[in-house]
Amino acid sequence: MTEKTEITSWLNDTYREVGVRPVPEGGARTILIRRHYPARLVDVWDAVTDPAQLAQWFLPVDGELELGGHFRIEGNASGEILRCEAPNLLAVTWDFGTGPSSEVIVRLADVSATEAALELEQAPVPDVIDMDGRRFDPVLNDYDTGLFGLGTGWELALISLGRFLRGEPIANPAAWEEAPEVQNFAVRCGEIWAELAREEARERP
């Protein structure tokens, strides 16, 4: 599969949603991504939970990697492991920088003996965060700073997971993200998430 074909597949075959999850305080904004992988369920589970494999497609992870333990992702987030129900569900708290804490849930399910569905949900996602004196929606790409929004950022990570699962891991993620095809994907993906965020805002009571 060429890079261009893979990018087109991700744009067309990935389910995306900006919604609201009921919480005691009212409602929490969520983002959700769903994608199928041509891999066995147990292999996808191992890829998203085994530190040695995570380091090959995502980032190095360390800490107390057990239920109730705390983890740290190199140069990224930290949190607590809330639920770990192999091979179907992983839930963790997600603390990044000085922003508000959220929860990330990964759900896995069999589609067939050789295909698995992965669903990633993050909540609550605030409408606006403050970073270095700037205010912006964390779901959206921030073109002034060059930061990817949550939607685009997770999708790029999950593309990397797909490459890893088929035995073609990305050797240099930083260089890969700078490739024209990937940059074009990030822009188009960001536009899709921006429209989903606008639709969710319009539908609020």
Side-chain angles (χ1 to χ4, degrees), residues 6 10 14 16 28 30-109 116-126 129 131 138-139 141 145-179 182 185-186 189:
E6 183 175 38
W10 264 90
T14 299
R16 308 166 181 86
T30 69
I31 63 168
L32 186 144
I33 303 167
R34 186 182 304 123
R35 176 74 181 178
H36 289 190
Y37 290 96
R40 297 186 308 155
L41 174 64
V42 66
D43 292 335
V44 182
W45 173 260
D46 288 344
V48 301
T49 58
D50 176 60
Q53 296 191 44
L54 279 165
Q56 294 183 62
W57 68 268
F58 188 45
L59 289 166
V61 180
D62 63 19
E64 303 166 358
L65 305 180
E66 58 187 25
L67 188 63
H70 288 79
F71 67 90
R72 294 171 298 277
I73 300 173
E74 185 177 289
N76 199 285
S78 61
E80 179 184 354
I81 300 172
L82 302 176
R83 298 174 65 185
C84 185
E85 301 169 10
N88 299 111
L89 187 142
L90 176 69
V92 301
T93 59
W94 194 263
D95 301 309
F96 182 81
T98 59
S101 180
S102 63
E103 183 177 323
V104 172
I105 302 173
V106 177
R107 304 179 184 93
L108 299 175
L118 180 149
E119 183 175 271
L120 185 148
E121 182 180 14
Q122 183 169 358
V125 178
I129 61 171
M131 183 178 291
V139 171
N141 293 348
T145 62
L147 292 174
F148 295 133
L150 289 174
T152 301
W154 280 122
E155 290 204 45
L156 288 171
L158 294 178
I159 290 176
S160 180
L161 170 60
R163 292 276 297 267
F164 173 76
L165 288 169
R166 70 171 188 258
E168 301 174 5
I170 297 168
N172 187 334
W176 177 76
E177 287 187 0
E178 293 301 320
V182 179
F185 167 82
C189 187

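Below, each value reflects all heavy atoms present in this structure, side chains not excepted, and no hydrogens, waters or symmetry copies.
- Distance check: Gln56 CD to Asp50 CG gives 8.5 Å after rounding to the nearest 0.5 Å.
- From Ile73, atom CD1 reaches atom CG of Leu54 across 8.0 Å, with rounding to the nearest 0.5 Å.
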Before you tell me yes or no, could you show the steps for Asn76 and Trp94 under side-chain contact (heavy atoms from CB on, under 4.5 Å), namely the whole-Å CA-CA distance, both residues' side-chain angles and the distance that decides it to 0.1 Å? CA-CA 10 Å; Asn76 199 285; Trp94 194 263; 3.5 Å; yes
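- When side chains are defined from C-beta on, Leu118 counts as touching Leu161, because their heavy atoms get closer than 4.5 Å.
- Here the closest heavy-atom approach between residue Gln122 and residue Val125 is recorded as O-CG2, 3.5 Å.
- The shortest distance between side-chain heavy atoms of Trp176 and Leu156 falls below 4.5 Å.
- Closest of all the heavy-atom pairs between Pro124 and Ala28 is CB-CB, 3.5 Å.
- Note that the SG atom of Cys189 and the CH2 atom of Trp154 stand 13.5 Å from one another [nearest 0.5 Å].
- With hydrogens and angles ignored, the 3.5 Å screen pairs a side-chain donor or acceptor of Arg163 with a backbone N or O of Glu168.
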Could you walk me through whether Leu90 and Ile81 pass side-chain contact (heavy atoms from CB on, under 4.5 Å), step by step? CA-CA 8 Å; Leu90 176 69; Ile81 300 172; 4.3 Å; yes
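- Between the Trp57 side chain and the Ala47 main chain, a donor and an acceptor come within less than 3.5 Å of each other.
- Expressed to the nearest 0.5 Å, how far CZ of Arg72 lies from CG of Asp62 amounts to 4.5 Å.
- Pairing each heavy atom of Ala116 with each of Leu41, the nearest pair is CB-CA, 3.9 Å.
- Closest heavy-atom contact between Leu67 and Cys84: CD1-N, 3.9 Å.
- Judged by distance alone, with hydrogens and angles left aside, the side-chain atoms of Asn141 form a donor-acceptor pair with the main-chain N or O of Ala186 at under 3.5 Å.
- Under a 3.5 Å cut-off, the side chain of Ser160 and the backbone N or O of Phe58 do not form any donor-acceptor pair.
- Here the CD1 atom belonging to Ile159 is positioned 10.0 Å from the CD atom belonging to Glu177, to the nearest 0.5 angstrom.
- Each of Glu119, Glu155, Glu121 was scored for a salt bridge (Lys or Arg N to Asp or Glu O under 4.0 Å) with Arg16, with one residue passing: Glu155.
- Between Pro51 and Leu65, the closest heavy-atom pair is CG-CD1, 3.1 Å.
- Between the side chain of Asn88 and the main chain of Leu108, a donor-acceptor pair closer than 3.5 Å is present.
- Note: Thr30 OG1 to Glu103 CD = 11.5 Å, rounded to the nearest 0.5 Å.
- In terms of heavy-atom proximity, Ala39 sits nearest to Val44 at CB-CG2, 3.9 Å.
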